[in-house]
Amino acid sequence: FLLTRIDWRVAVAVGLTLIVLGNLATALTAQYWAIAAARAIAGAGEGIAIGFAFAALGRARNPDRAFSAYLVAGALFSTVLLYFLPQLQEHYSPQMLFVANALLAALAGLGLLRFPNGAADEEDLLTAGGRVNRKLALGALAAVFLYFFATGAIWGYSERIGINSGLSARVIATGLSLGTLSGVVGAGLAGILPSRWGRVWPLLASGVVSVASFQFLLGEVRGSIFVLAVVLLLFGWNFAQPLLSGICAEADEKGRVVCAMGSIQTFGVGFGPAAAAATLGSGSFAIAIWSSSLILAASLLIVAVTVKRTQ
């Protein structure tokens, strides 16, 4: 809604300010209600900042490559942070870590110097016929929701599946670590695919990889199979995201659809595990795994048909 009505730099500055204030407030209070309010403020800021960032990436000359770079950079930073986090927690209080988080958000404000103001380009986009391709937008967003719903359902319980199979914490941690690295590779690979390949066939290939990763988690899982499953899951997931983002960007040159994608994929990732929980009454993950496999396949069928009909 705000993409066409407000200076993007101002909006992102507001978002970063809320993140800074929310983290500082978290560090300075010990009461539950105050911490909850502070996290809500920080979360609102993150939503604003990410929404406009997605819109900016969607307006790049090559949105697939832009989102690929975003995912690779984010995954590498997260990997380094998670590696050092236990040591940081030993030497610094939680309050200091929230202050550090606030400082990082403030440091990100330096990027505003080069951040585009998409609202200033509205007239040019309208002149060029920048309207929403509704069929492509609806199909792409439906596919995004289902893809992230299915993958989130399995990813959310992957650690529990390993524990139920009697795997050691070391094996599970190895799988999660290697999986994160494979996600970096998947996102990077998506960014260098030749454009002549299009997006549909690579997406279908990612679907095969993802469904295979789900199936490897059926029954009692050996350590090597668990590691392989997590590696394939995160590879396929991160490989698919830039391609789905590119389709959403193509549906609307103004960036509104790809901005909405950020919210929809987050909702899908959160709702997937909640829905899967309803199938775990027997203690078996089989229903969740098979359902997620079918839902992910359906998501790619939707996007394939949508792209074909709108070409």
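The chain is numbered in sequence order, starting from 1.
Remark: side-chain polar atoms of T29 are not paired, donor with acceptor, to backbone N or O of A25 under 3.5 angstrom. Side chain of S284 to backbone of A286: a donor-acceptor contact under 3.5 angstrom is found. A distance-only check finds no donor-acceptor pair linking the side chain of S210 to the backbone of L233 [under 3.5 Å]. Between the side chain of S299 and the main chain of L146, no donor-acceptor pair closer than 3.5 Å is present. Checking side-chain atoms of T306 against main-chain N and O of G139 turns up no donor-acceptor pair under 3.5 Å.
Residues forming a side chain to side chain contact (heavy atoms under 4.5 Å, CB included) with T279 (at least two apart in sequence, or on another chain): I287, A288. For the ring pair (Phe, Tyr, Trp, His ring centres under 6.0 Å) test, residues two or more places apart in sequence or in another chain that qualify with F67 are F54. For E250, the side-chain hydrogen bond (donor to acceptor under 3.5 Å, both in side chains) test picks out R199, with sequence neighbours left out. Partners of S224 under the side-chain hydrogen bond (donor to acceptor under 3.5 Å, both in side chains) rule, at least two apart in sequence or in another chain, do not exist in this structure. Shown here are the ring pair (Phe, Tyr, Trp, His ring centres under 6.0 Å) partners of Y92, two or more places apart in sequence or in another chain: there are none. With sequence neighbours excluded, no residue forms a ring pair (Phe, Tyr, Trp, His ring centres under 6.0 Å) with F214. By the ring pair (Phe, Tyr, Trp, His ring centres under 6.0 Å) test, F216 is found to be paired with no residue, residues two or more places apart in sequence or in another chain being considered.
For residues 14-23, the pairs satisfying side-chain hydrogen bond (donor to acceptor under 3.5 Å, both in side chains) are N23-R39, N23-N101, with sequence neighbours left out.
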Quick one: do V144 and C248 satisfy side-chain contact (heavy atoms from CB on, under 4.5 Å)? Show the steps, please. CA-CA 9 Å; V144 166; C248 290; 4.2 Å; yes
Steps toward side-chain contact (heavy atoms from CB on, under 4.5 Å) verdict (I264, M261): CA-CA 5 Å; I264 288 174; M261 174 189 168; 5.6 Å; no
Quick one: side chains of residues 168-181, donor-acceptor pairs under 3.5 Å with protein atoms, not counting sequence neighbours, listed by atom name and distance.
from: S168; atom 1: OG; to: V171; atom 2: N; distance (Å): 3.2
from: T174; atom 1: OG1; to: R170; atom 2: O; distance (Å): 2.8
from: S177; atom 1: OG; to: A173; atom 2: O; distance (Å): 2.9
from: T180; atom 1: OG1; to: L176; atom 2: O; distance (Å): 2.9

Solution key, residues 148-162 side-chain donor-acceptor pairs under 3.5 Å, sequence neighbours excluded:
from: T151; atom 1: OG1; to: Y147; atom 2: O; distance (Å): 2.9
from: Y157; atom 1: OH; to: P273; atom 2: O; distance (Å): 3.2
from: S158; atom 1: OG; to: W155; atom 2: O; distance (Å): 2.9

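Minimum heavy-atom separation, L18 to G45: CB-CA, 3.7 Å. Between F145 and F267 the shortest heavy-atom distance is CE1-CD2, 3.4 Å. Of all heavy-atom pairs between A75 and V184, the closest is CB-CG2, 3.4 Å. I247 and A140 make their closest contact through CG2-CB, 3.7 Å (heavy atoms, listed as atom of the first residue, atom of the second, distance).
Hydrophobic side-chain contacts under 4.5 Å tie Y32 to no other Ile, Leu, Val, Met, Phe, Trp or Tyr residue. Grouped with L138 in a hydrophobic cluster is no other residue, since no side-chain heavy-atom contact under 4.5 Å to another Ile, Leu, Val, Met, Phe, Trp or Tyr is found.
Taking 4.5 Å as the limit, every side-chain heavy atom of R65 sits out of range of all side-chain heavy atoms of P242. A 4.5 Å side-chain heavy-atom check between F239 and L189 finds at least one atom pair inside the cut-off. The side-chain heavy atoms of D252 and N133, taken from C-beta on, include no pair separated by under 4.5 Å.
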